[in-house]
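Just below is one structure, and these are the notes that go with it.
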Amino acid sequence: MAHAATIAGRKPEDVELIAISKTHEAAQILPLIEEGQRVFGENRVQEAQGKWPALIEAHPGVKLHLVGQLQSNKAEDAVALFDCIHSLDRPSLVSALGKAMAKAGKQVPCFVQVNIGAEEQKGGCPIADVPALLASAREAQIPVIGLMCVPPADIEAAPFFALLAKIAADNGLDQLSMGMSGDFETAVMLGATHVRVGSALFGARD
Ligand SMILES: *Cc1c(COP(=O)(O)O)cnc(C)c1O
């Protein structure tokens, strides 16, 4: 990450590493916390509720990000547990999260997830709908800090990262959640401020 940032003329400390710990037990997560890693990501609310409250209580500096699809009926649970949500992608979720944040009195920074490859089966807001979703999030007083994407599998990710960066700039957003184990260097060179890395840290998932 530091090398990719340096060649791109960026400061290594301007890119946050989110260690994606989904499917891994506390025993596998603890060594990373002991090495100084402080930001972790999970893709399921229920799984995170099972293992993180105890870990966070023991290590109060640890921050937890939600990187997976969020059902509206889990919005309150997500607001209670997570420090950042990367998967705001539709009007019904704007409304659920807006209500949950108001009720909890807690503003959780969010990324709007964009369906950058226009893939039918994938989550994320269609590119054309991004400005309207951002406007409704503002109206619901949700702090949107940037855009997130998961590009199509098995093809070069760079054009999709570049496109996400352009859409963010066009909408006045400066944070980009993009890049995973296989392509984080490319993402950092194209402006990622948050990379989401799982298997390169923890080994392959079952
Ligand atoms: C699992 C996951 C990652 C991490 O993927 P790796 O290839 O293991 O680095 C990143 N982002 C999201 C949304 C994920 O679900």
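Ligands are counted one by one from 1 in listed order, and the atoms in each one are counted from 1 as well.
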* Asked: Within the structure, does Ser199 bring an N/O atom to less than 3.5 angstrom of an N/O atom in ligand 1?
  -> yes
* Is Glu76 salt-bridged to Lys99, cutoff N-O under 4.0 Å? -> no
* Taking distance alone, with no angle check, do Gly198 and ligand 1 share an N/O pair under 3.5 Å? -> yes
* Asked: For the side chain of Arg10 and the backbone of Val188, is there at least one donor-acceptor N/O pair under 3.5 Å apart?
  -> yes
* Structural part of His86 in contact with ligand 1, heavy atom criterion under 4.0 angstrom -> neither
* Asked: Which heavy atom of the protein is the closest neighbour of atom 1 (C) of ligand 1, given with residue, atom name and distance?
  -> Lys22 NZ, 1.4 Å
* **Minimum-distance protein heavy atom relative to atom 10 (C) of ligand 1** => Met180 SD, 3.2 Å
* If you look at every heavy atom in Gln28 and Phe202, which pair is closest and at what distance? -> O-CE2, 3.7 Å
* Indicate the ring-plane relationship of Trp52 and Phe40, choosing parallel, tilted or perpendicular according to the 30° and 60° boundaries. => tilted
* To do: State whether the side chain of Thr193 and the backbone N or O of Leu176 hold a donor-acceptor pair below 3.5 Å, judged by distance alone.
  => yes
* Pair Glu119 + Lys122, salt bridge at N-O below 4.0 Å -> yes
* Structure fact -> atom 9 (O) of ligand 1 has as its nearest protein heavy atom Ser181 OG, 2.5 Å
* Check: Val62 main-chain N/O paired with Gln37 side-chain donor or acceptor under 3.5 Å -> no
* Element-labelled atoms of ligand 1 that are located less than 4.0 Å from some non-hydrogen atom of Val197 -> 9 (O)
* Proximal atoms of ligand 1 relative to Arg196 (non-hydrogen, under 4.0 Å) -> 4 (C), 9 (O), 10 (C), 11 (N), 12 (C), 13 (C)
* Return the residue, atom name and 0.1 Å-rounded distance of the protein heavy atom closest to atom 13 (C) of ligand 1. => Val67 O, 3.3 Å
